[in-house]
Amino acid sequence: MYTKHPADTVIVLDFETTGLSPNMGDRAIEIGAVKIQNGIVIDQFQQLMNPGFRVSSFIEGYTGITNKMLDSAPSCHAVMDEFADFIQGYNLIAHNASFDQRFLDAELGMLGRQYNGSFVCSMLLARRLYQDVPNHKLGTLVSELDIANNGTFHRALADAEMTARLWLRLIDEVKTQTNLQTVSFDVMRKLSKTSKASIPALFKKLAA
DNA sequence: TGCCAGGCCCTCTTTAGGGCCTT
């Protein structure tokens, strides 16, 4: 049964995959996600999954996820079915969300399952709110903004946790620039789609 | 066998090209 969740409760997710494109046959090999409410992590999800074929040595090196680790992992089908339950009814956040959304759509599509949340991209927001950083890679933003991390990168849960902290920092930045007490997911979504030139006007409108 | 993504965003733009970001 569909449950309406508090609007300020969101799920930050990250996929590790066999490559860049589900349209080219690439599959998910790990999903990590954290559920945050009122700025606090209240739940998490992390699971390796077996794509049914061997991953490249590049992916083994990039993620640290080896074929041996995936041999004993449950199937994408089993993991993504459980993950579909986890995210149901929540809005979603990811760094370069178009990438994670493509894989989520592809994996759930193979199961005949859907989700009803909206995606917002932390990278698009960071490009708008932090224009002076060297680039907008997750690792660079974590370093430049002194975001807490345990030194693990390119693993799903670790990246989801860092993206969650980045999301909270982005909300704080909007609060600072608008003097708003609270900033909703919908405001962040709108901001992520507003051109840089129009952001001062949007902030002025929000602060009014 | 060898090939291969795609959306955003800037600019020397819009009849286009290329860098960024994700694995």
Given protein heavy atoms under 4.0 Å, the one-letter contact record of nucleotides 7-12 of chain B, with B base, S sugar-phosphate only and - none, is simply -SSS--

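At a cut-off of 3.5 Å, with distance as the only test, no side-chain donor of A/S21 or A/N23 sits close to an acceptor on the other residue.
Computed from coordinates, the A/F15 CZ to B/dC21 C1' distance equals 17 Å when rounded to whole Å. Rounded to an integer number of Å, the gap from A/Q101 CD to B/dT23 P is 16 Å. One atom, CZ of A/F103, and another, C1' of B/dG6, lie 11 Å apart when rounded to the nearest Å. If you measure from atom CZ of A/F153 to atom P of B/dC21, you get 15 Å, rounded to the nearest angstrom. Between the CG atom of A/L48 and the P atom of B/dT23 there is a distance of 15 Å, rounded to whole Å.
Counting only residues at least two apart or in different chains, salt bridge (charged side-chain N to carboxylate O under 4.0 Å, His left out) contacts with residues 149-164 of chain A comprise A/E30-A/R155.
Here A/H154 reaches the OP1 or OP2 of B/dT23: one of its side-chain N or O atoms lies under 4.0 Å away. Residue A/H136 has no polar side-chain atom (N or O) positioned under 4.0 Å from OP1 or OP2 of B/dC20.
Comparing A/I29 and A/S21 against DNA chain B, the residue whose closest nucleotide sits nearer the 5' end is A/S21.
For the C1' atoms, the distance linking B/dG2 with B/dC8 amounts to 29 Å, nearest Å. Rounded to the nearest Å, the gap between the P atom of B/dG19 and that of B/dC12 is 15 Å. B/dC3 and B/dG7 are spaced 24 Å apart, taking the P atom of each and rounding to whole Å.
The backbone N or O of A/I199 sits nowhere less than 3.5 Å from a side-chain atom of A/T194 that would complete a donor-acceptor pair.
In this structure the side chain of A/R189 reaches within 4.5 angstrom of the side chain of A/D186, judged on heavy atoms.
In secondary-structure terms, DNA chain B builds stems of at least 3 consecutive Watson-Crick or G-U pairs, each pair having both distances under 3.5 Å, at B:5-11 with B:16-22.
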